[in-house]
Asks: 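Please find one structure pasted underneath; my questions will follow.
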Amino acid sequence: MATRPTATRKTAKGEYIETDSGNKVSRKANISGTPNITLGGKTVIMADVHLRGDLTRPKAATPDPKGAKQSSTSISIGRCTVVSTGTVIRPPGRMSRGVYTYYPMKIGDNVFVGPNCVIQAASISSHVHISENCVLQPLCVIKENVKILPHTVVPANMVVPPNSVVGGRPGRIVGEVGEGYGVSVGAVAGGSGEGWVEGGDLRELVRIIK
Amino acid sequence: MSSQTPSQDLRKASLTASRNARPSAHTIQHSDPTRSPHTPLSRSVSGLYGSPGSSFRVDEDNLLIFDFGSRYLRAGFAGEPAPRCEIGYGPDSWRRVGDYRQWDLGCYPGGKGNRDGEDWGREYELWRLLEWEGGEMGVVEDRVERLVRECEGRYLLLDGRSKRVTLVVPSGLPRPLLNVVLKGLFEGLQAATITLMPSPVMACVGAGLRSALVVDVGWFETTVTAICEFREVECRRSIRAGKLLHEEFSNLLEEELGKSEQQIKHQFGFEEVEEVMTRVGWCRPLNPPTTEEEINSKIINTTLANSETYTTLDIPFSRLADPAETALLGSKTPKVDIDDHDLPLHQLMYTSLLHLPIDIRRICMTRILFTGGVSQLPGLKRRVYQELDALVAEKGWNLVKNYGSATGKKRPLRERSANLPTPSTSPLEVHAVKHIDRDHSSSISTKDTPTTLSLPPHLQPQESDPISEKLSRLTLSQSTTTPSLTTAPTKPQICILKTLGPWAGASLLSNLRIRGASSGKGGGVSKYVFFCCSLAVYPQFRRG
Amino acid sequence: MSQQFPYTYYSCSCVDTPTSLLPLSRKSVEARSSSDEEETTFDPRSSRANFSLYPLEHLLYCTECHQMRCSRCTTEEVLCWYCPSCLFEVPSSTVRSEGNRCTRSCYNCPICTSFLTVNLLDAPTEAQRDAEQPPGPFILSCSYCNWTSLDIGIKFDKANNITGQLQRVRNGGIIVPTPKERENQAERLLRKQPNHEEEEEVKSPLEETPAAQAPPDADDFFSNLNSFYKSQLADTETSAGPAEFNVHSPSSIQRLLNLYSTGKKTKRGKPKPMRESLTTAEGLQEYSSSSEEELIHRLATSGWEATTSPSQRSFQERHPPRFTSDLRPTATLLRTKRSKRCKTCRTLLSRPEPKVNTTRYKIKVLALNNIPKVSIRSLNTTPQSLLTDLVTISSSMQQKEYTTLHPLMPYQFLLTLTNPLFDPIKVTLATPTTTPGRVQTRVTILCPQFDVGANTDVWDDALNSTSSQNNPKRKSAAPGLSVASPPDNSDGKQAEAGKIWDKGRNWTSVIVEVVPGVLPGTPAFVGEGGEVREDEGVVECPVFVKVEYESEGLGAGETPERVRMVGEGKEKREVAFWCVLGVGKIVG
Amino acid sequence: MSSTDPPKPPSTTARPSSKRISTVPTPPKPPTSIHPTAIIANHALLIGTHLITIGAHTVIHPYARIISTEGPVTIGDGCVIWEKATVGMMGGDSSSDGDEGVLETKLDDNVVIESCATVGMGAVLGDGCVVEGFGVVEGGATLGRRCQVQAFARVKAKEVLTEHTIVLGDGRRRVSKGCEGVERGREVAHEKMVRDFERVVPSVSVKWM
């Protein structure tokens, strides 16, 4: 179920506004076009994050069934996803059939987006870890269980296959994540203060964000 | 018999190696004796990469060719014209798993380097020769193991079928290193058999020849190997090779940087120097014609690419030919300083030709092959050719360098020496001299001409080479294609041929199933098949 | 910064079982310190260490050998081949013949290695736009560095099957024959003249073939040579043309033997040896200085920008060119999904599902779930500070408690062992008092021996994770949140020797005191990209972990109750390994 | 981390700053001449004392910052300045300011400044230049037409790039031959995109006039 950060009950004066479905949206986040943004629940939008929900595909676009259904949403983010400070998330646009169209961006569950990234991907699947200062150029596709190293530039239209590590400028596949990627020990918080691991279940992380 | 020793030694090695080979290998071994002579008839598809060979590769095995250089690993499938991958041993092959620092910002290619230091470029080499005494063997072992795994996992992507490896090794490879490589292939690749091929011979095969003078300008050293009928007759080495050239280039860059008006603080990394060397390095001809003046005046602006300090350095094109002069041709160093271990390329070739038996020398003269990375340096072949010509023209094939006080009685001495059994002067080089007179009248001193005239008639070549005769007879008819060989058998001439390189040679061979030729040798799970390399491999088993 | 501090590396046990053919020298013995002989300490700086150290998530576990398994001590089997960019699965039959590369339209930029897209050469007009199949010509273009296939003079008439079209054209749009044609042609030539007396015939077929227009490249020579050798083998065959040449006739084998065994035999006892190749059609190529001259000229005139960098050369598929105008777009290399087996006992350790798009595993035995997780962090970090490190960029401030260790100042770190097993474990830690290497850092584990509780089964965890903050159990469940936060530090909780710092249900944490050593030389050389020096600034403590526990033969997967019920019949197990704790960086 | 990090606009480093900017634009409004068809989104920030000229159909996105404290800033027609981009960034290189008194930051037509990119004060960008995310053009640099500064690439102060130069992420330069077909396609796309902003981005340019 998707709720909008606008439909929130004011909690105690904290940095975050928590929605019914447990989304935490910072009061200092810069969100435009809120009606076109859906958050899956238990998702964190931090301060100074730019969500460009206002960049929607034109209503007059060719009314193919999928488009007609989707056209209202421009950014949809899954569950337990954390978007860190200073990140810009903007639906990619390009020419299609003579009209300039923005494609709705889909971000999966348990995705960690590091600070100061610029995200214009077409889609980001679940359990993706994006380190700080990454640039995902328009219409790239990130599959499951991918780790993106810091300062990576994922070039436009690139498809990153599952279980890979991406790095470099321009980004290329520089390795594979280990079999244990995203598996946390004993599924309970170890002593290290984070019960979560990269690419794993981010509930623990979401919980300690206050 | 000499060829026994290596095979036995290797068999010992193979047994130890095969102890932890997978069980399936045993089954292969059992089926092997029956299988090796004949071949199933299924033809494998030959697509984009299927070269002509692939239609000949008819068995189910993976026929792999590995060529471990000291800087690069070349690996691929038999019957293909080029290796699938050529992996350099950069610092990345030293890193821990999960250490991706080279991809982060502020990490520049080969950023480190105190050039005077011993470890300059250390991590770009798979091994230092004679290092195996220094106890660093373990590291080489680890790196080889990782390299094999990487190149299998990224480029070869082998399926479950049994793997037969042909390993191209330089003849002088120390045995511990060979052992490490074999271990890496056996364990990392689970290879069923490994066939050893000496690289000079393979270079020969890669040129379609049976005999040649193979000049391998490598990284550590330049080796000149005389091959006759696929056997190594003689091998000489010189340290004038890639490494020296590399150092010269880094010196050059340092100087130029100092000259440049823009004051840049820049520490040249290994890779930067290498880049300049491989991109714009060249070698000027023996006596440059005036036409190249305008070229020499040209300015090449090289880029020192660091995302931190992006600068361009302007270097006159002619300067870029200097390192080759000093490093490879030693034209700057006076003759007296030149030692036996650092002979310039042309002198190295000359001496090894000089010390060859006459008949072999005559065969090799007409078949000089250049291999090795540095031989790609533009103009190097031409220069060496000219130098060699000049040398022969000047010295002839006289083993005696200097007659000292006897210079007056030079001719009688020569004539007498001609009667001696030792090959001193023969019609070959005399005619060669004549020939050179024809086209390089500039570079020849005329004082040798009298000797040519005064040649006693009884000094005709005792043994004539059937092959060169045949081929010259044949080539007479179509002289347009190979002008080099059109000379009559009595008039051989120094002539450079191209080779596809050792890797391609091995690829040709094992693709034609010559691999199976003597598969009787060596027992155990893994067999070593020696391809007429008894001479070649023998020395290394005397060591250690 | 290469790695995020703090980190833990595990030394795989496969270094303990030397399989080397050659006697190990002292140095390497030092490096491969085994778990049984504690006296030899593991040196993370030793040149071999890098090859045996792994992050925990890269390690598997063999339940038969009760050893962790790294990529070195496992064998791999390819399950499926697929193209990483179009995610198509390639059947194993065609993989190799296609060069392990994607044969659809997946190409990488020869300049910058990024992904190439097929574009229309000219911007489509209104009319063309709506047409399903827009008319060509098309080009490959790189969105990152703006390289287009026009730079090498190649256009395509169709938007699909780029590979097929590329195969046919050389740079500059010269049409070339496919390797197959080349082979046929070469064979035809040689068949024309079984004995090489009339050579003038050879030229004529060369003219009519399209290859004549293009200068022959290495591949041509290779195929010529190849068919030459074949014809030679055939000629040695008595009166058998190349057409019906069969390798497995004993006589030909005999001939091969004669040819390539020791030269004595070659000299006598057979009609004629395989001769050398003579013509270009037979792969003989002689060197011409003119080619080098014009190469040098081109080099001088076109200059630096026109030449290829080493990385670009190595990225090419074959025949690395010298000039950028000779570069070819590189077809995307295929990737594989592999299953892994233990090298010693052949047990299947991991087997992913062969479908390209799933990330699920049929079998996956992780070291993560079988050996305790060793994690370390600075004592004065709280989850909140960790969080702010994680989610905010203030690069200078980031991780300062790890990256600014001052020499000869004591620092306290919290070393936590988390137990994934369902049996309580007894842990013994050991560490050299000073780290090996030039920078001698003093390391003291205040409490080297302690127990760690068993991991409870999944339901407890589920309850825990969903329980709210004020749940009293949380204190023990997640100490990071409450215990180690500054208030607790301040209320007189002091680290004392022999006492553990804190423990929870399946984890225990102890204090490690680290006194960084002094850096040799000037402080300048810490940050200076050089690998060795850089690592010298990094404090890495080797720690030997010995874990003892009693469990059933069945191994893990038993609930604690069960184990207790059984009582006898439990077997004592011991797992021991070295790990390396990267606690931070010394500032000069 | 590394010196190649572009100087971040304060809004990214310190959380509160952006908030403050968005609510109370304390800094004095600079003198501006803004084309009526130009779009200046809400929260876009223009500060400084010198004249800021903005051409037709140019779009300044929210939280983009145009600084004219050290000299006039001129932005041509059809330019796009994305969020968190900064034009007329001060300092960066000492040589760029001081010596000659007033230097003008000039963006020609159809220039695109991507998110988090920085254009130093006094830089001149030719027609159709693109500065990708985190790209930096230091003060006083001059880019010919159709230059492209890739992500994390940096053009040093006073540097002059000929047209069609591309600065790659690893610092290397490359002059692309420039295929007119591709370029025309890009132009068309750019133009459509710019036009499309009229639909999606509400303009508050009157606020700055």
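None of the values given here were measured: they were computed from a predicted structure. Lettering of chains follows the sequences in order, A, B, ..., and the numbering in each one begins at 1.
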Asks: So, Arg96(B) side chain and Leu53(C) main chain: donor-acceptor pair closer than 3.5 Å or not?
Replies: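 Flag not set: sc Arg96(B) to bb Leu53(C) has no pair under 3.5 Å.
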Asks: Using heavy-atom distances under 4.5 Å, tell me whether Arg341(C) contacts chain B through its side chain, its backbone, both, or neither.
Replies: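 No part of Arg341(C) comes within 4.5 Å of chain B.
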Asks: Considering only heavy atoms, which portion of Cys228(B) lies under 4.5 Å from any heavy atom of chain C: side chain, backbone, both, or neither?
Replies: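 Neither the backbone nor the side chain of Cys228(B) comes within 4.5 Å of chain C.
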Asks: Specify the closest pair of heavy atoms between Pro378(B) and Ile296(C), including all atoms of both residues, with the distance to one decimal.
Replies: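 Taking Pro378(B) first and Ile296(C) second, the nearest heavy atoms are CB-CG1, 3.7 Å.
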Asks: Which one wins on heavy-atom pair count under 4.5 Å against chain C: Gly188(B), Gly379(B), Ala82(B)?
Replies: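 Greatest number of close heavy-atom pairs with chain C: Gly379(B).
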Asks: Output the distance between atom CZ (Arg382(B)) and atom CG (Leu295(C)), rounded to the nearest 0.5 Å.
Replies: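 It is 9.5 Å, given to the nearest 0.5 Å.
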Asks: Any side-chain heavy atom of Glu80(B) within less than 4.5 Å of one from Arg318(C)?
Replies: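 SC-SC contact between Glu80(B) and Arg318(C) ruled out.
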Asks: Does Thr307(C) reach the side chain of Glu275(B), with side-chain heavy atoms less than 4.5 Å apart?
Replies: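 Side chain of Thr307(C) against side chain of Glu275(B), heavy atoms only: no contact under 4.5 Å found.
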Asks: How close do Gly98(B) and Pro55(C) get, counting heavy atoms only, and between which atoms?
Replies: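 Gly98(B) and Pro55(C) have their closest heavy atoms at CA-CG, 4.3 Å.
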Asks: Test of understanding: with side-chain hydrogen bond (donor to acceptor under 3.5 Å, both in side chains), list the residues that count as partners of Gln316(C), not counting sequence neighbours.
Replies: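 Expected list: none.
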Asks: Between Pro320(C), Ser291(C), Ser71(C), Ala306(C), which has the largest tally of heavy atom pairs under 4.5 Å with chain B?
Replies: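 Of Pro320(C), Ser291(C), Ser71(C), Ala306(C), Ser71(C) has the most heavy-atom pairs under 4.5 Å with chain B.
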Asks: CD of Gln312(C) to CZ of Arg279(B): how many Å apart, nearest 0.5 Å?
Replies: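 Those atoms lie 6.5 Å apart.
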Asks: Where do Val280(B) and Trp304(C) come nearest, in terms of heavy atoms and distance?
Replies: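 That would be CG1-CE3, 3.8 Å.
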Asks: Side-chain contact test, heavy atoms from C-beta onward, threshold under 4.5 Å: evaluate it for Gln190(B) versus Glu76(C) and give yes or no.
Replies: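 SC-SC contact between Gln190(B) and Glu76(C) ruled out.
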Asks: Within the distance-only criterion (no hydrogens, no angle test), does the side chain of Tyr9(C) pair as donor or acceptor with the backbone N or O of Val97(B) below 3.5 angstrom?
Replies: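 Yes, Tyr9(C) side chain to Val97(B) backbone: donor-acceptor pair under 3.5 Å.
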Asks: For the residue pair Tyr155(B) and Asn100(C), establish whether any side-chain heavy-atom pair is separated by less than 4.5 Å.
Replies: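 SC-SC contact between Tyr155(B) and Asn100(C) ruled out.
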Asks: Less than 4.0 Å between a side-chain N and a carboxylate O, is that true for Arg96(C) and Asp159(B)?
Replies: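 No, this pair does not count.
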Asks: Between Leu225(C) and Leu500(B), what is the shortest heavy-atom contact and its length?
Replies: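 Smallest interatomic distance, heavy atoms only, reads CD2-CD1, 3.9 Å.
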Asks: Are any non-hydrogen side-chain atoms of Phe222(C) and Leu508(B) less than 4.5 angstrom apart?
Replies: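 They are in side-chain contact.
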Asks: Look up atom CZ in Arg72(C) and atom CZ in Arg149(B), then write down how far apart they are to the nearest 0.5 Å.
Replies: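 It comes to 7.5 Å.
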Asks: Just give me the residue among Glu152(B), Glu274(B), Arg154(B) that pairs up with chain C most often, heavy atom to heavy atom, under 4.5 Å.
Replies: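 The candidate making the most pairs under 4.5 Å is Glu152(B).
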Asks: Would you call Lys343(C) and Glu187(B) a side-chain contact if the rule is heavy atoms closer than 4.5 Å?
Replies: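 A side-chain contact exists here, since the closest heavy-atom pair is under 4.5 Å.
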Asks: Could you pull out the closest heavy-atom pair between Phe317(B) and Ala300(C), with the gap in Å?
Replies: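 Taking every non-hydrogen atom into account, CE2-CB, 3.5 Å.
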Asks: Examine whether an atom of Leu158(B) lies under 4.5 Å from a heavy atom of chain C, and if so say whether it belongs to the side chain, the backbone or both; otherwise answer neither.
Replies: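 For Leu158(B), backbone heavy atoms alone lie under 4.5 Å from chain C.
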Asks: Return the CG to CG distance between Asn50(C) and Asp142(B), rounded to the nearest 0.5 Å.
Replies: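 Spacing of CG (Asn50(C)) from CG (Asp142(B)) equals 9.5 Å.
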Asks: Rounded to the nearest 0.5 Å, how far does CZ of Phe51(C) lie from CD of Glu145(B)?
Replies: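 Glu145(B) atom CD to Phe51(C) atom CZ measures 9.0 Å (nearest 0.5 Å).
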Asks: Under a 4.5 Å heavy-atom cutoff, which of Thr336(C), Val78(C), Thr308(C) has the most pairs with chain B?
Replies: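 Looking at each option in turn, the highest pair count goes to Thr308(C).
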